[in-house]
Structure formats: structure tokens, C-alpha cells
Novice: 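Below is a structure I'd like to ask you about.
Side chains are part of it too, since the values below use all heavy atoms of this structure and drop only hydrogens, waters and symmetry mates. For clarity, every value in this text was computed on a predicted model and none was experimentally measured.
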Amino acid sequence: MAHVVQPLDQPSNYKDSQSRVERAKQNDLLSKSTTLYIGNLSFYTTEEQIYELFTKCASPEDGGGIKRIIMGLDRNTRTPCGFCFVEYYTHAEALASMKYVSGTKLDERIIRCDLDLGYKEGRQFGRGKSGGQVRDEHRQDYDPGRGGWGAQAQKLEAERRREVEERYADAQEGPGAVAGGGGDWKETETAVSRKRGRSPDDEGDNARMGHHRSRDDMEVERM
């Protein structure tokens, strides 16, 4: 039955894309590696949470334990971007983590564990154009645990908003634009309405009033 069930502590096809080591040599190094690459982490998962989970596979009584944890960081913002490296003191501990931790949930995300050739300075930074991981560059789905939309989708949305704002600004400043600040126009309209011009009907009313006054004066004189 051993050949029917795939061992859980075997390395996957994961490979450091920038490694110049031949595949055969890599396999030999991985067979002794004490370092794990942890992927699909939430941006909000802390180093303390990772330590708490992976220390369950440590064997301090045998001289083992977690040596260090290196958090993956966005190259530009220096904030976590969804991966890390966990270094143990023994190869057996690394294999135990692959068997018991890989494929389990941390912060409601299924994480992936793979044996790694070993951490080198600089590998803690994302390799995507925007500073994060390459997988988050072209991602089209919304993932709240990994910064929302993918980097390219966010860039396109920012450009669209800028174009809309520019068109709106041009419409406000171009020929035929609606003048801003309607308050002045309303005040002028009110002043004009209060000072209405004289009409012919007004002239007729004034003449009639003058005629009535003349007749009254004449009656006063007779008295």
C-alpha cells in the first residue's frame, strides 16, 4: 500500500526561479534542508502566529526547534506580502512540518509548505513589479487577505479614476462650462427682481391717480 498513498513529506515542484543550481543538485540539497518556504499567507498574519503553529513540529528535547523566521516583505513598503521562511535546526523537523502543517489553515487560509534550498539575504523581498509577489501582480480576483484586487487591477482602476477626474475638470473649465458658485447669480437675480422696470401699465395708473387728485383739489376750492 505504500505506493498507493503519496507521502506528505515529499517536496513539491516548487523551485526558486532565480536559483542557478541544477535540478539534481537541488534535490540533494533539499534532502538535507532545514528551511521551509511558506506560501499563501495572509498579509495580516504575524510572526508570532507563524511561530506558534510551526513550533508544534519542533523537537527541542532532541536539540531542535525553530532557529528563525524570515517574513516576506513588499520591496517598496516593507510590509508583509504573503510568504515567509521558517528555519529549523534539523531536517526531520522540516519534514514533520511538511507532513502535518502544509495544507492546513492559518488565518482562514490554506498555507503551503515546501523544502527550500536555504535563505539568502534579499530573498525576503517580493519580486513583482509593484514590490509584492509575482502571483499578486496579475490576480483578477478580490482577496481581502492579500490586499484586495491584484496590483495590475488596482493600477487600471486608479488610471480610470484619474481620467474621469480630468474629464470632469476639463468640463468645468472649457467653453460653455457652468460657472461655479451659484450664490452670486441668485443674489443678482433677487436684486433685479426687487428693482423692476416701469411698464406702460404703470404710466396709465399714475395718470389716473393724478386725474383723481385734480378733481379732489377742485372740490376743496369750491368749499
Novice: Looking at Ile111 and Phe54, what are the two nearest heavy atoms and their distance?
Specialist: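 Closest pair (atom of Ile111, atom of Phe54, distance): CD1-CZ, 4.1 Å.
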
Novice: Would Arg112 and Tyr37 count as a cation-pi pair here, with the cationic atom under 6.0 angstrom from the ring centre and within 45° of the axis?
Specialist: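 No, Arg112 does not lie over the aromatic ring of Tyr37.
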
Novice: Got a second to check how far Leu115's CG is from Leu95's CG, nearest 0.5 Å?
Specialist: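 Here the interatomic distance stands at 5.5 Å.
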
Novice: Tell me every residue that passes side chain to side chain donor-acceptor pair (under 3.5 Å) with Asn76, counting only those two or more places apart in sequence or in another chain.
Specialist: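 If we apply the side chain to side chain donor-acceptor pair (under 3.5 Å) test to Asn76, skipping adjacent residues, there are no hits.
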
Novice: Keeping Thr55 on the side-chain end and Ala58 on the backbone end, is there a donor-acceptor pair under 3.5 Å?
Specialist: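 A pair under 3.5 Å: no.
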
Novice: Does any N or O in the side chain of Asn40 come within less than 3.5 Å of the main-chain N or O of Ile110, such that one atom is a donor and the other an acceptor?
Specialist: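 A pair under 3.5 Å: yes.
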
Novice: Got a second to check how far Leu117's CG is from Arg123's CZ, nearest 0.5 Å?
Specialist: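 Between atom CG of Leu117 and atom CZ of Arg123 there are 7.0 Å.
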
Novice: Going by salt bridge (Lys or Arg N to Asp or Glu O under 4.0 Å), name the pairs with one or both residues in residues 33-61, residues two or more places apart or in two chains.
Specialist: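 Qualifying pairs: none.
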
Novice: Among Leu36, Asp116, Ile70, find the residue that satisfies the side-chain contact (heavy atoms from CB on, under 4.5 Å) test when tested with Glu87.
Specialist: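 Going through Leu36, Asp116, Ile70 one by one, the side-chain contact (heavy atoms from CB on, under 4.5 Å) with Glu87 is satisfied by Ile70 alone.
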
Novice: Is there a donor-acceptor pair closer than 3.5 Å between any side-chain N or O of Arg139 and the backbone N or O of Gly148?
Specialist: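 Present.
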
Novice: My understanding is that only residues two or more places apart in sequence, or in another chain, count here; which of them pass salt bridge (Lys or Arg N to Asp or Glu O under 4.0 Å) with Arg75?
Specialist: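 Arg75 satisfies salt bridge (Lys or Arg N to Asp or Glu O under 4.0 Å) with no residue once adjacent residues are dropped.
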
Novice: Find the distance between NE2 (His91) and CD (Glu93) and round it off to the nearest 0.5 Å.
Specialist: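 These two atoms lie 11.0 Å from each other.
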
Novice: Would you say the side-chain atoms of Glu137 and Ser130 include a donor-acceptor pair closer than 3.5 Å?
Specialist: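 Note: Glu137 and Ser130 side chains meet the donor-acceptor criterion.
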
Novice: Would a distance-only check, ignoring hydrogens and angles, find a side-chain to backbone donor-acceptor pair under 3.5 Å from Tyr51 to Ile66?
Specialist: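 Flag not set: sc Tyr51 to bb Ile66 has no pair under 3.5 Å.
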
Novice: Please list, chain by chain and in numerical order, all residues satisfying side chain to side chain donor-acceptor pair (under 3.5 Å) with Gln124, sequence neighbours excluded.
Specialist: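 Partners of Gln124 under the side chain to side chain donor-acceptor pair (under 3.5 Å) test: Tyr119, Glu121.
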
Novice: Taking atom SG of Cys84 and atom CG of Leu41, what is their separation to the nearest 0.5 Å?
Specialist: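 Nearest 0.5 Å value for the SG-CG distance: 5.0 Å.
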
Novice: Could you tell me which non-hydrogen atom of Pro144 sits nearest to which non-hydrogen atom of Tyr44, and how far apart they are?
Specialist: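 That would be O-CE1, 3.5 Å.
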
Novice: Any side-chain heavy-atom pair from Lys67 and Thr34 closer than 4.5 angstrom?
Specialist: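 Sidechains of Thr34 and Lys67: no contact.
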
Novice: Hydrophobic clusters here meaning ILVMFWY residues chained together by side-chain heavy-atom distances under 4.5 Å, can you tell me if Tyr89 and Phe85 are in one?
Specialist: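 Looking at the clustering, Phe85 is in a separate group from Tyr89.
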
Novice: Using salt bridge (Lys or Arg N to Asp or Glu O under 4.0 Å) as the criterion, list what pairs up with Arg135, not counting sequence neighbours.
Specialist: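 Scan of Arg135 (salt bridge (Lys or Arg N to Asp or Glu O under 4.0 Å), adjacent residues dropped) gives none.
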
Novice: Please find the pair of heavy atoms, one from Gln140 and one from Trp149, that lie closest to each other, and give the distance.
Specialist: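 The pair with the smallest heavy-atom distance is O-CZ3, 3.1 Å.
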
Novice: Test Ser97 against Val86 for side chain to side chain contact (heavy atoms under 4.5 Å, CB included), laying out the working first.
Specialist: CA-CA 10 Å; Ser97 288; Val86 176; over 6 Å; no

Novice: Can you name the salt bridge (Lys or Arg N to Asp or Glu O under 4.0 Å) partners of Asp143, sequence neighbours left out?
Specialist: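 Residues passing salt bridge (Lys or Arg N to Asp or Glu O under 4.0 Å) with Asp143: Arg109.
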
Novice: Hey, is the main chain of Gly118 close enough, under 3.5 Å, to the side chain of Thr35 for a donor-acceptor pair?
Specialist: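 The answer is no, because no donor-acceptor pair under 3.5 Å joins these two groups.
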
Novice: Side chain to side chain contact (heavy atoms under 4.5 Å, CB included), that's the test. Do Leu73 and Thr79 meet it? Break it down for me.
Specialist: CA-CA 5 Å; Leu73 303 175; Thr79 56; 5.9 Å; no

Novice: Applying the 4.5 Å side-chain criterion to the ILVMFWY set and letting contacts propagate, would Phe43 and Leu53 be lumped into a single cluster?
Specialist: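 No; Leu53 is not reachable from Phe43 via cluster members.
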
Novice: If you apply the rule side chain to side chain contact (heavy atoms under 4.5 Å, CB included), what do you find for Leu106 with Ile38, and how did you get there?
Specialist: CA-CA 11 Å; Leu106 178 60; Ile38 315 301; over 6 Å; no

Novice: For Asp136 and Cys81, what are the C-alpha separation, side-chain angles and deciding distance, and is it a side chain to side chain contact (heavy atoms under 4.5 Å, CB included)?
Specialist: CA-CA 9 Å; Asp136 291 315; Cys81 64; 5.8 Å; no

Novice: Of all the heavy-atom pairs spanning Ser102 and Cys113, show the shortest one and how long it is.
Specialist: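 That closest heavy-atom pairing would be OG-N, 3.1 Å.
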
